[in-house]
There are 2 protein chains.
Amino acid sequence: MTQAVRHDAMRARNLALVLGEVSARGSVTRAALAEITGLAKTTVSKLVGDLIEAGLVIETGVVRVGERGRPGMEVRVSGRRVAAIGLEINVDYLAARVVDLSRSVRIRRTQPVDNRMTSPGDVIAILQDLALSVVDEAVDSGLRVVGGVLAVPGTVDLATGTVHSAPNLGWRDVPLLSLLRTPFPLRVDNEANLAALGELWFGAGHPDFLHVSGEIGVGAGLIVRGELFRGFHGFAGELGHVVVSPGGPPCRCGGHGCLETYAGQDVLLAAANAELGAGIAGLLAELDAGNRDALAACERAGWALGVALSSAVNLVDPGTIVLGGIYAPLFPWIGGVVTETLAARLGQMREVVPSVEVSRLGTEAATLGAAGQVIQQVIADPAALLNA
Amino acid sequence: MTQAVRHDAMRARNLALVLGEVSARGSVTRAALAEITGLAKTTVSKLVGDLIEAGLVIETGVVRVGERGRPGMEVRVSGRRVAAIGLEINVDYLAARVVDLSRSVRIRRTQPVDNRMTSPGDVIAILQDLALSVVDEAVDSGLRVVGGVLAVPGTVDLATGTVHSAPNLGWRDVPLLSLLRTPFPLRVDNEANLAALGELWFGAGHPDFLHVSGEIGVGAGLIVRGELFRGFHGFAGELGHVVVSPGGPPCRCGGHGCLETYAGQDVLLAAANAELGAGIAGLLAELDAGNRDALAACERAGWALGVALSSAVNLVDPGTIVLGGIYAPLFPWIGGVVTETLAARLGQMREVVPSVEVSRLGTEAATLGAAGQVIQQVIADPAALLNA
DNA sequence: CCGAATTAGTCTAAGTTATGGACTAAATAT
DNA sequence: ATATTTAGTCCATAACTTAGACTAATTCGG
């Protein structure tokens with residue numbers, strides 16, 4: 001249920017409203033903010049004053065808005081004080097990103113580690129060192145890291161920060177959060193979800209799409225009106241196990257003919273006769289060289305993706321579809337088939353078939369989404385930070 | 001974005017908070033409300049006073065809560081003043097229901113009309129007469145009908161109230177809302193969505209489920225945390241066109257092997273060699289008589305439903321699955337297969353496979369959901385009604 | 001070059017709502 | 001019969017937002 005609204009909550013909401021508009025518009029004058037929000041000039045001035053004092057917003061300079069009259073003083077979100085950290089454990093690397101409140105990426109750090117060969121305990125130790133060193137660097141440049149999120153390729157219990165199952169890492173029931181000691185509040189979340197959020201805040205721009213994360217598994221994150229759809233238990237978006245053909249190849253989930261058995265990374269590499277060790281780069285080389293098996297594998301994967309996505313479109317009606325992860329570099333070979341398959345299965349029903357686009361972020365999406373989530377939280381409720 | 005919060009908005013939200021708790025708990029004392037909401041006793045008293053004055057809430061009587069002390073005066077939502085109307089156009093009938101603010105169904109009216117044989121104009125005329133007569137009856141018993149929603153089996157543009165496409169009625173681009181003259185504000189919405197909402201407010205009780213409406217087409221409404229998920233264009237929940245087998249029978253949507261080609265009403269009847277004219281009753285008779293074709297058709301439909309639902313569960317992660325429409329009476333013959341198919345495809349991945357339940361409402365779900373939506377709106381923002 | 005017009009931002013008195021604590025009311029326990 | 005406990009009201013106060021007066025900084029017209 002909603003909470004009781006007292007004077008302080010009223011103020012908190014208006015503070016968030018103002019900061020949200022400043023963040024969305026880049027820079028605005030107080031007068032414009034009053035116009036936009038419907039709040040009185042006085043109120044806006046006071047709220048902006050508080051935000052400036054807290055270091056969340058800075059005055060950028062005088063700008064003439066209309067033809068005549070006193071020019072306004074524009075303000076924008078300050079990137080000097082508050083920052084957030086995004087962490088990621090993936091199959092073959094650990095990564096950290098620091099993003100400031102204005103959504104500029106301040107620090108990028110990626111560290112190759114074969115996490116399938118390493119015990120969870122060791123991975124966690126390395127990750128903790130990485131996080132601490134990155135935070136030190138951030139603090140040195142005057143930033144205050146107010147929080148962080150850790151992206152993991154698997155299902156996560158958000159409340160406890162426990163990894164329920166991460167098949168690609170070979171992890172089961174690892175209480176990640178309680179094993180990590182960080183000098184900032186940390187949460188753990190699913191990599192596909194965070195990648196979708198990353199795309200939302202740092203990529204495409206539109207606030208309605210289904211973001212597909214092709215990795216060894218295939219995940220998806222659905223963004224509706226700028227918000228992530230999680231489902232009841234938080235496991236929504238398991239596109240990899242949507243049915244493509246019920247009599248198809250057996251899948252590790254127990255079913256048959258899931259999308260993953262057609263379009264997962266390992267399957268693609270195997271079907272293309274590319275070296276598994278070379279990863280996606282090897283496949284790309286084969287494709288460039290015109291390897292028929294590789295081309296056929298992509299064709300098949302694209303068709304399967306189209307079939308699965310047609311089910312997804314019918315069920316959740318996304319605005320557009322963004323292909324990320326390994327599908328981003330493979331887009332030239334699969335984009336066309338996906339679009340055609342989708343159109344063939346949806347064209348009669350819908351006036352508009354969602355367009356299929358490429359992600360602009362590549363592998364960085366999840367870490368950026370992770371850090372972005374903390375930033376978003378500050379912008380959505382700055383009062384929580386001021387009063388803390 | 002959120003709106004500016006002024007004193008009146010603060011009051012409006014607290015009013016909604018109090019009324020919401022009263023509605024959710026049946027009857028409560030002011031003291032308990034203060035405890036629950038966190039508002040001061042004084043504030044609760046004033047808010048409840050306003051709600052009583054507006055006729056939205058009434059005092060029911062003195063009740064002893066604790067062991068000692070002055071007994072509290074309980075209040076509950078009043079069903080005496082405010083009511084809403086739910087209307088439905090379906091293939092072979094028109095229906096109207098009047099529901100009061102306490103969610104009691106006050107008037108039920110169903111009128112058989114073969115809407116496939118009747119022009120939209122004539123259908124609308126009959127519906128308007130029905131609506132007016134029902135509202136008259138409601139007014140006679142002291143109710144004030146504050147709004148209504150009309151359920152239609154097809155895709156609807158919510159903003160304009162235009163039926164985009166209703167294949168079972170044979171309608172295309174009918175501007176329903178602008179053709180209807182009603183003495184209350186009216187909206188038009190999709191039947192499957194409203195049926196899900198009906199189940200939410202008048203049926204199962206839990207606030208997280210996927211409600212499947214089996215009719216000639218197969219639709220679904222997803223309820224998450226008590227809210228309907230609509231998707232970007234408002235067309236989410238088209239379960240009928242989720243892929244069961246990509247090489248399956250051709251579907252009117254242009255695709256192949258959609259769920260509808262296995263589990264739609266007409267397909268079921270045809271496969272069971274039941275008379276199409278007799279409708280679902282005919283099929284039920286055949287099943288009771290042990291007709292092998294009919295049993296096999298149900299087996300096949302249940303399997304297909306299970307396959308499609310496994311995709312749905314992977315994508316949207318519903319709390320439970322509720323089977324409504326024709327699947328409610330057919331549940332004894334399909335429920336088992338659906339559950340088994342679902343378990344076989346999901347068991348390895350998830351600890352908990354959503355349970356498959358029957359709808360308690362049958363054909364009434366959509367009209368109740370329609371009226372309920374208006375009631376819900378009043379409870380979510382009573383201030384809008386007070387100030388109007 | 002100066003005054004009128006225009007727009008931005010601040011200051012102040014007033015309005016609305018919630019609150020805390022004192023108060024009254026109505027019951028049980030001793 | 002009195003103390004204790006709980007429900008609900010009353011009233012002075014506090015925390016916001018607001019409207020409108022005011023000051024500041026600019027352009028326009030003569």
Side-chain angles (χ1 to χ4, degrees), chain A residues 2-18 21-22 27-53 57-76 382-383 386-387, chain B residues 2-18 21-22 27-53 57-76 382-383 386-387:
Chain A
T2 358
Q3 272 301 300
V5 181
R6 270 155 271 195
H7 292 103
D8 57 337
M10 173 161 74
R11 186 170 186 73
R13 291 190 63 101
N14 287 336
L15 218 41
L17 179 65
V18 167
E21 289 298 335
V22 173
S27 35
V28 230
T29 65
R30 287 161 235 250
L33 281 169
E35 180 84 16
I36 294 160
T37 59
L39 291 165
K41 285 192 296 176
T42 316
T43 313
V44 170
S45 279
K46 257 189 286 192
L47 295 170
V48 169
D50 283 6
L51 291 171
I52 288 175
E53 203 184 339
V57 145
I58 44 171
E59 296 189 323
T60 54
V62 169
V63 172
R64 202 162 308 111
V65 176
E67 292 295 292
R68 307 202 282 214
R70 172 179 169 179
M73 174 64 85
E74 284 196 328
V75 295
R76 64 172 173 73
L386 302 204
N387 303 334
Chain B
T2 357
Q3 275 298 302
V5 180
R6 268 155 272 197
H7 292 100
D8 56 336
M10 173 161 74
R11 189 171 184 73
R13 290 192 62 101
N14 286 336
L15 218 40
L17 180 66
V18 168
E21 289 300 336
V22 173
S27 35
V28 229
T29 64
R30 289 161 235 250
L33 282 169
E35 180 84 16
I36 293 160
T37 61
L39 291 165
K41 284 191 298 176
T42 315
T43 312
V44 170
S45 279
K46 257 189 286 192
L47 294 170
V48 169
D50 284 6
L51 290 170
I52 288 174
E53 203 182 339
V57 146
I58 44 173
E59 295 190 325
T60 53
V62 169
V63 171
R64 199 163 312 109
V65 176
E67 292 296 291
R68 305 205 280 215
R70 172 181 170 177
M73 174 64 84
E74 284 196 325
V75 295
R76 62 171 173 77
L386 302 204
N387 303 333

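Chain letters run A, B, ... following the sequence lines, proteins first and then strands; every chain starts at 1.
When rounded to the nearest whole Å, the span between CG of A:Leu15 and P of D:dA15 equals 17 Å. Following rounding to the nearest Å, B:Glu35 (CD) and D:dT5 (P) show an atom-to-atom distance of 17 Å. In this structure, A:Met10 places its CE atom 8 Å from P of D:dT18, rounding to the nearest Å. If you take CG of A:Asp8 and C1' of D:dA14, they are 12 Å apart, rounded to a whole angstrom. Taking atom CG of residue B:Leu386 and atom P of nucleotide C:dT17, one finds them 12 Å apart after rounding to whole Å. The interatomic distance linking B:Leu39 (CG) with C:dG20 (P) rounds to 11 Å, in whole Å. Rounded to whole Å, the distance from CD on B:Glu59 to C1' on D:dT9 is 13 Å. For the pair B:Glu74 CD and D:dT6 P, the computed distance is 17 Å after rounding to whole Å.
Counting heavy atoms from C-beta on, the side chains of A:Arg70 and A:Val62 never come closer than 4.5 Å. Two residues are said to be in side-chain contact when any heavy atoms from C-beta on lie closer than 4.5 Å; B:Arg11 and B:Leu47 meet this criterion. For the pair A:Leu39/A:Val18, a side-chain contact is recorded, criterion being any heavy-atom separation below 4.5 Å from C-beta on.
Residue A:Arg68 has a polar side-chain atom (N or O) positioned under 4.0 Å from OP1 or OP2 of C:dT6. Note on A:Arg64: a side-chain N or O is less than 4.0 Å away from OP1 or OP2 of D:dT27. The shortest distance between the side-chain N/O atoms of A:Arg6 and the OP1/OP2 oxygens of C:dT17 is not below 4.0 Å. Phosphate contact (OP1/OP2 of D:dT9, side-chain N/O of B:Ser45, threshold under 4.0 Å): present. OP1 or OP2 of D:dT17 lies within a sub-4.0 Å distance of a side-chain N or O belonging to A:Asn14.
Of the two residues near DNA chain D, B:Met73 and A:Lys41, the one whose nearest nucleotide lies more 5' is B:Met73. Of the two residues contacting DNA chain C, namely A:Gly69 and B:Arg11, the nearest-nucleotide position lying further toward the 5' end is that of A:Gly69. In terms of position on DNA chain D, the residue among A:Val44 and A:Pro71 whose nearest nucleotide sits closer to the 5' end is A:Val44.
Shown here are the side chain to side chain donor-acceptor pair (under 3.5 Å) partners of B:Arg13, two or more places apart in sequence or in another chain: there are none.
Taking only distance into account, the side chain of B:Arg70 never meets the base of C:dA27 through a donor-acceptor pair shorter than 3.5 Å. Side-chain atoms of A:Thr42 come within donor-acceptor range of the base of D:dG20, with a qualifying N/O pair under 3.5 Å. Residue-to-nucleotide contacts include no donor-acceptor pair under 3.5 Å from the side chain of B:His7 to the base of D:dT17.
Looking at every heavy atom in both residues, B:Ala34 comes nearest to B:Val44 through CA-CG2, 3.7 Å.
Side-chain proximity of A:Lys46 to the nucleotides D:dT17, C:dT19, C:dG9 is greatest for D:dT17.
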